[in-house]
Amino acid sequence: PAITDTAFGTWETAPDNAPQHVLFFSLHCDHCSKILANLSINAQTLPGKWHLASTDNKEDDLYRLATVQNSTASKENLFLEVLRVESLDTIDPVPVSEDLRQTVRTARAYFKMKGFKGVPVLVVMERPGWEMVLRGEGNITEYLRIRGFLQRELQFPSHAPKANGNATEK
């Protein structure tokens with residue numbers, strides 16, 4: 001399948017000759033959410049096309065993706081709308097188009113065909129035949145930083161405090 005057929009949503013502010021990006025993500029992945037959060041606060045200055053491809057195929061997830069597709073807020077900031085819908089405790093059942101179902105199947109098939117093991121994965125298409133694959137939050141964030149795509153950057157703690165740790169313990 002063509003990589004752009006894997007995307008359920010595309011963000012483009014100003015068409016130019018910048019590379020196209022395809023972010024494979026899951027609605028259930030904290031690392032993916034951090035990437036989406038940094039893209040969301042820089043959405044207005046991101047060059048080129050940014051395609052979002054979800055690997056989630058459960059019915060509840062498809063409701064969420066359909067909600068994003070049908071939302072006017074997605075036209076304002078696709079990344080932020082994905083995060084908003086992802087964070088909802090419950091999602092109303094909405095009609096899921098056959099196109100969306102096929103797009104998710106295509107994304108999953110492409111993901112498997114390429115041998116990708118986990119999300120997030122960012123595929124950068126510099127030009128036809130020249131692709132770069134970045135795996136993991138750290139590599140993707142570093143790429144975004146080096147390319148100057150992160151005019152602003154959210155900093156996340158590198159590790160959470162231990163669940164049963166107690167600062168007053170002796």
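Please read these numbers as outputs of a predicted model, since none were measured by experiment. Numbers here simply count residues along the sequence, with the first being 1.
Here the side chains of L78 and L52 are in contact, with some heavy-atom distance below 4.5 Å. With a 4.5 Å cut-off on side-chain heavy atoms, R135 and F116 count as touching. D92 places none of its side-chain heavy atoms less than 4.5 Å from the side chain of Y63. With contacts defined as side-chain heavy-atom distances shorter than 4.5 Å, the pair Y143/L122 qualifies. In this structure, the side chains of F8 and Q69 come closer than 4.5 Å at one or more pairs of heavy atoms. Put simply, the side chain of I41 does not reach to within 4.5 Å of the side chain of F79, judged on heavy atoms. Between L23 and L36, some side-chain heavy-atom pair lies under the 4.5 Å cut-off. You'll find the side chain of V123 stays beyond 4.5 Å of the side chain of M132, heavy atoms only.
V119 and V124 end up in different hydrophobic clusters when Ile, Leu, Val, Met, Phe, Trp and Tyr side chains are linked at under 4.5 Å. Note on V82: it clusters hydrophobically with L65, by side-chain heavy-atom contacts below 4.5 Å among ILVMFWY residues. With hydrophobic clusters built from ILVMFWY side chains whose heavy atoms lie under 4.5 angstrom apart, V121 shares a cluster with M125. Under a hydrophobic-cluster definition in which Ile, Leu, Val, Met, Phe, Trp and Tyr are linked whenever side-chain heavy atoms come within less than 4.5 Å, directly or via other members, M113 and V104 are assigned to different clusters. Following chains of ILVMFWY side-chain contacts shorter than 4.5 Å, one cannot reach V133 starting from I140, and the two form parts of different hydrophobic clusters.
Listed for the S74 side chain is a donor-acceptor partner under 3.5 Å among the backbone atoms of V68. Using modelled atom types, one side-chain atom of R108 and one backbone atom of T55 make a donor-acceptor pair closer than 3.5 Å. A donor-acceptor pair under 3.5 Å is absent between the side-chain atoms of N42 and the main chain of L150, judged by distance alone. The backbone N or O of T67 lies less than 3.5 Å from no partner atom in the side chain of S71, so there is not a single donor-acceptor pair. In terms of modelled atom types and a separation under 3.5 Å, the side chain of Q20 and the main chain of G48 share no donor-acceptor contact.
A distance of 11.5 Å separates CG in L80 from CG in L39, rounded to the nearest 0.5 Å. Taken to the nearest 0.5 Å, the OG atom of S33 stands 8.0 Å off from the CG atom of L27. In this structure, W11 CH2 and K49 NZ are separated by 14.0 Å, a value rounded to the nearest 0.5 Å. Taking OG1 of T103 as the reference point, atom CD of E98 lies at 9.5 Å (rounded to 0.5 Å). Between atom OG1 of residue T141 and atom CD of residue E153 there is a gap of 6.5 Å, rounded to the nearest 0.5 Å. The CD atom of E131 sits 5.5 Å away from atom CD1 of I3, with the distance rounded to the nearest 0.5 Å.
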Apply side-chain hydrogen bond (donor to acceptor under 3.5 Å, both in side chains) to D56 and S26, showing your working. CA-CA 6 Å; D56 300 309; S26 166; 2.8 Å; yes
Test T6 against H51 for side-chain contact (heavy atoms from CB on, under 4.5 Å), laying out the working first. CA-CA 8 Å; T6 65; H51 306 281; 6.0 Å; no
Begin with the C-alpha distance, continue with both residues' side-chain angles, and end with the deciding distance and a verdict on side-chain hydrogen bond (donor to acceptor under 3.5 Å, both in side chains) for D99 and S97. CA-CA 5 Å; D99 278 357; S97 70; 5.3 Å; no
Please walk me through it: do D61 and H28 pass side-chain contact (heavy atoms from CB on, under 4.5 Å)? CA-CA 9 Å; D61 299 327; H28 309 282; 2.8 Å; yes
Using salt bridge (Lys or Arg N to Asp or Glu O under 4.0 Å), reason through D60 and R64 one step at a time and then give a plain yes or no. CA-CA 7 Å; D60 195 62; R64 290 176 193 274; 3.5 Å; yes
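Taking the charged nitrogens against the carboxylate oxygens, E59 and R101 do have a contact shorter than 4.0 Å, which makes a salt bridge. Using a 4.0 Å cut-off between charged nitrogen and carboxylate oxygen, E76 and R84 do not count as a salt-bridge pair.
Aromatic rings of F149 and H21 (six-membered ring for Trp) have centroids within the 6.0 Å cut-off, being under it.
The ring-ring contact (aromatic ring centres under 6.0 Å, His included) test applied to Y110 returns F24, not counting sequence neighbours.
A donor-acceptor contact closer than 3.5 angstrom is absent between the side chains of Q44 and T13. In this structure, a donor-acceptor pair under 3.5 Å is absent between the side chains of S40 and N77.
In plain terms, the two heavy atoms of S54 and A107 that are nearest each other are O-CB, 3.6 Å. When all heavy atoms of P120 and C29 are compared, the closest pair comes out as CD-SG, 4.1 Å. Scanning all heavy atoms of the two residues, the minimum distance from V96 to L100 falls at CG1-CD2, 3.8 Å. Pairing each heavy atom of L154 with each of A37, the nearest pair is CD1-CB, 3.6 Å.
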